[in-house]
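Notes follow once the structure below has been shown.
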Amino acid sequence: MQVFLQLGLSFVLLAAQCTPGAAVPSSQCRRQCGTVEIPYPFGIDPNCSLAEGFDLSCKVQDGISKPFNGDFEVLSMSLTEGTMRVLNYIVANCYNTSTRSMEFMGRYTGFVGQPSSPYRLSDVQNRFTVIGCNALYLIADKNGTGYQGLGFSTCRNFSDLVDGSCSGIGCSQTMIPKMMYNYGIVSSDLFNTSQIWEFNRCSYAVLMEATTFNFSTTYVSTTKFNDTNDGRVPMVLDWAIRDQKCDVAAKNKTGTYACLSSNSMCIDSVNDNGYMCNCSLGYKGNPYLPDGCQDVDECRDNPCPSGGVCHNTVGGYRCSCRVGRKLESNTCNPDIGLIIGITVGVVGVMVIIMIVVFWGQMIIQKRNLNKVRQDYFQQHGGLLLFDRMKSENGLAFTVFSEAELVQASDNFDNSRILGKGGHGTVYKGIIKNNMPVAIKRCALVDERQKKEFGQEMLILSQINHKNIVKLLGCCLEVEVPILVYEFVPNGTLFELIHGKNQALQISFSTLLRIAHEAAEGLSFLHSYASPPIIHGDVKTSNILLDDNYMAKVSDFGASILAPSDKQQFVTMVQGTCGYLDPEYMQTCQLTDKSDVYSFGVILLEILTGQLPLKLEGPEKQRSLSLIFLSAMKESNLDAVLVSYVKGQESMELLRGLADLAKICLDMCGDNRPSMKEVADELNRLRKLTTHPWVRLDMETDAESLLGGESTGGYQIELSGYPMGESEDQPINPRSSYYAR
Ligand SMILES: *[C@@H]1O[C@H](CO)[C@@H](O)[C@H](O)[C@H]1NC(C)=O
Ligand SMILES: *[C@@H]1O[C@H](CO)[C@@H](O)[C@H](O)[C@H]1NC(C)=O
Ligand SMILES: *[C@@H]1O[C@H](CO)[C@@H](O)[C@H](O)[C@H]1NC(C)=O
Ligand SMILES: *[C@@H]1O[C@H](CO)[C@@H](O)[C@H](O)[C@H]1NC(C)=O
Ligand SMILES: *[C@@H]1O[C@H](CO)[C@@H](O)[C@H](O)[C@H]1NC(C)=O
Ligand SMILES: *[C@@H]1O[C@H](CO)[C@@H](O)[C@H](O)[C@H]1NC(C)=O
Ligand SMILES: *[C@@H]1O[C@H](CO)[C@@H](O)[C@H](O)[C@H]1NC(C)=O
Ligand SMILES: *[C@@H]1O[C@H](CO)[C@@H](O)[C@H](O)[C@H]1NC(C)=O
Ligand SMILES: *[C@@H]1O[C@H](CO)[C@@H](O)[C@H](O)[C@H]1NC(C)=O
């Protein structure tokens with residue numbers, strides 16, 4: 001070690017004491033020297049730097065301004081990195097062939113500083129670099145009392161040297177420790193270039209920036225290394241505000257804290273005690289000046305991924321993607337979540353709108369429906385009906401709501417149909433108390449009928465006769481009125497006469513009783529009101545049979561008050577072929593005698609067991625009434641009588657019946673008996689039957705009769721509830737009248 005020191009280790013004090021001062025530099029201060037920017041805390045003019053250590057000088061060399069830190073030319077400085085690049089001097093050790101001795105050459109032995117100066121030799125960026133063969137240099141700090149490091153390079157043969165390789169052969173690089181503020185270099189004569197080297201008698205040593213150095217073999221064979229760089233190479237200094245770390249400095253109330261700018265932060269120096277300032281993230285500028293740190297407009301460089309939109313914010317920025325895209329791992333990807341979200345949202349909103357609209361329409365429709373119901377109700381004379389019902393207490397008539405009837409009839413299910421006719425369809429229904437009813441949906445009625453419907457209902461509802469199907473109620477809320485009748489379970493007279501089980505098994509006296517009961521019912525209808533209530537469609541299929549096979553005249557839904565004006569004649573034409581009063585066909589005037597005519601046909605059916613109208617056979621043989629009348633004319637009653645009555649019943653009875661039928665069928669209505677007379681005559685004739693035990697009391701008569709007959713093998717199918725024209729075609733003269 002003494003060997004080294006002999007060669008003269010000279011340290012020169014360069015930097016002065018660094019006294020911090022937080023004064024804001026004048027705007028007059030020059031901030032540029034040549035091409036180099038001089039930011040505060042550095043300064044080249046008096047009172048322009050933060051402290052003496054930051055004072056630089058701006059010298060003019062060969063007409064070019066250059067900043068100098070002491071004797072070292074400054075290349076650049078960085079506020080954010082806290083570094084300064086200077087040109088350091090290469091030292092050399094050369095063999096003087098004249099003097100045959102080694103000579104140490106160089107203006108300085110190295111950069112020199114004090115602990116209080118801002119500068120430290122960058123241990124990260126600098127390497128102690130030695131070039132040459134058989135060269136040994138020593139680097140030391142603190143006047144040789146501190147760190148000591150060696151740089152040693154040797155060569156066996158020039159051909160061993162490799163460009164770019166600096167690892168001990170012709171070139172060596174050595175790291176230095178932190179916290180070095182000065183250094184000195186000495187060379188050793190133990191290794192010299194006196195013997196082995198012909199081309200370049202010098203070896204070189206310098207502390208320099210590692211990244212700018214690239215070894216070349218010519219550095220060994222020639223003086224190129226020193227010549228190229230003008231004897232100087234870049235070296236990096238770390239600078240900081242010394243002696244205090246951030247935690248202390250930021251709290252120091254003496255006002256020397258250097259980080260003046262808002263949005264700045266303090267950073268401890270990585271190289272020795274001290275701190276530096278830096279703008280906070282998203283800010284750029286000089287943190288050592290008040291308001292020096294300015295928001296960075298990051299969007300100028302558009303840091304956002306393609307497709308993204310940059311939004312500068314104070315202290316940062318944010319990227320957004322177009323609608324429907326999401327920023328994911330720095331790319332704008334389709335935002336499935338958002339798309340789903342939006343889709344769900346839109347669908348949701350639409351569903352809600354649809355629900356609201358639907359609901360609204362429902363309410364409106366319901367309102368309309370209620371309105372329509374009310375309209376119908378009024379049209380059908382519902383109010384009148386209600387008024388009367390109020391005044392006539394205890395009326396056993398119900399005005400049903402549509403909903404009630406829909407429920408009762410299982411929404412008018414086809415399986416509930418009892419019968420279909422020209423006047424409507426009849427359904428079986430169950431109303432409250434499990435009471436079976438027959439619900440008749442009328443066929444379309446015309447305006448006049450509509451208006452008087454309530455009135456008619458009222459009258460019909462008041463008819464209370466054991467041989468007339470009871471009208472229990474109606475529903476006026478609907479366009480076409482619905483009538484509710486008592487349910488009559490045992491089929492019709494038509495089935496008894498013409499059905500499968502035929503009249504063979506039913507006694508003639510029973511048929512006669514039923515006919516008598518039907519006549520009583522019709523008689524009651526005719527006498528009930530004035531003008532008389534005309535059934536208008538008397539026929540066997542409209543005579544229903546109850547549990548006791550008692551006759552109940554039905555389907556006077558069509559029967560209305562006898563028409564009194566011409567307008568009504570037209571509209572009221574109705575009836576069934578074979579039963580139709582020929583006078584009515586001509587006059588269009590339906591009278592109680594029209595019912596009598598039809599009843600005459602029923603008597604014929606009972607007598608003959610024939611249908612009132614045959615669709616086959618010679619024309620003259622089609623109408624039962626014509627056949628019968630011609631047989632009567634020829635006094636050949638036997639020819640038309642049904643076989644089983646011949647002989648069984650007294651001829652007096654049969655003849656009486658035939659006579660009754662004949663006058664009922666008289667072409668002139670006035671010549672026909674009234675229904676009352678028919679009933680009375682039937683009552684008389686019934687006493688002539690061959691059953692001696694038949695009593696006149698009809699109630700008990702029915703029961704006993706039935707009892708007797710059911711033991712005799714009588715069976716009746718419960719074949720439904722045919723009302724109206726289940727088999728016969730109704731005449732609807734209305735259309736033909738209108739067709740004129
Ligand atoms: C520098 O500042 C000191 C003290 O503030 C003052 O005395 C001196 O005159 C200033 N120098 C110049 C050149 O302004
Ligand atoms: C100072 O901030 C800049 C930008 O934010 C950053 O690049 C740099 O590394 C920071 N300096 C230090 C010493 O942390
Ligand atoms: C060698 O030394 C002599 C005497 O001191 C001197 O004159 C000469 O310039 C030196 N040569 C070199 C190459 O330095
Ligand atoms: C050079 O080194 C050799 C051997 O190491 C030595 O003999 C010689 O004296 C040295 N020359 C000088 C000038 O120091
Ligand atoms: C190094 O030497 C110089 C003068 O020779 C002296 O001023 C300085 O204080 C010394 N430094 C140290 C760390 O001993
Ligand atoms: C150096 O190497 C070359 C070729 O490899 C050889 O010719 C020469 O003799 C060597 N020199 C020494 C001093 O070994
Ligand atoms: C150093 O120089 C050599 C030869 O000139 C070249 O191949 C190499 O890439 C250079 N290395 C660097 C780091 O510049
Ligand atoms: C290195 O170059 C500088 C500047 O050109 C010169 O002053 C110095 O003498 C040179 N050193 C050697 C050893 O050649
Ligand atoms: C504040 O800074 C001054 C000057 O650097 C120093 O003398 C003093 O000790 C510091 N105060 C504290 C509390 O560190």
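Because the structure is a prediction, the values reported are computed rather than measured. Numbering of ligands and ligand atoms starts at 1, following listing order.
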Cysteine SG atoms at Cys133 and Cys155 closer than 2.5 Å: yes
Sulfur-sulfur distance Cys171/Cys166 under 2.5 Å: yes
Flag side-chain contact, heavy atom, 4.5 Å: Tyr89 against Val206: no
For atom 9 (O) of ligand 3, which protein heavy atom lies nearest, and how many Å away is it? Asn96 ND2, 4.6 Å
Which of the atoms of ligand 8 are close to Ala92, meaning less than 4.0 Å from one of its heavy atoms? 13 (C)
Closest protein heavy atom (residue, atom, distance) for atom 3 (C) of ligand 7: Asn214 ND2, 3.4 Å
Can you find an N/O atom of Tyr204 closer than 3.5 Å to an N/O atom of ligand 8? no
Does Asp230 have a non-hydrogen atom less than 4.0 Å from ligand 8? yes
May I ask you to list the atoms of ligand 8 that are less than 4.0 angstrom from any heavy atom of Met105? 13 (C)
Which protein non-hydrogen atom lies closest to atom 4 (C) of ligand 7, naming both residue and atom, and how far is it? Asp163 CB, 4.3 Å
Within a distance of under 4.0 Å, is there any protein heavy atom near atom 7 (O) of ligand 3? no
Are any of the side-chain heavy atoms of Asn200 and Thr222 separated by less than 4.5 Å? no
For residues Ser122 and Asp238, determine if any side-chain heavy atom of one lies less than 4.5 Å from a side-chain heavy atom of the other. yes
Quick one: look up the protein heavy atom nearest atom 2 (O) of ligand 8 and list residue, atom name and how far away it is. Asn226 ND2, 2.4 Å
So which protein heavy atom does atom 5 (O) of ligand 3 come closest to, and at what separation? Thr99 CG2, 3.8 Å
Sub-4.0 Å protein heavy atom near atom 13 (C) of ligand 3: no
Does Phe213 have Arg127 sitting over its ring (NZ/CZ under 6.0 Å from centre, angle to axis within 45°)? no
Does Phe152 have its ring centroid less than 6.0 Å away from the ring centroid of Phe191? yes
Under 2.5 Å between the sulfurs of Cys29 and Cys48, yes or no? yes
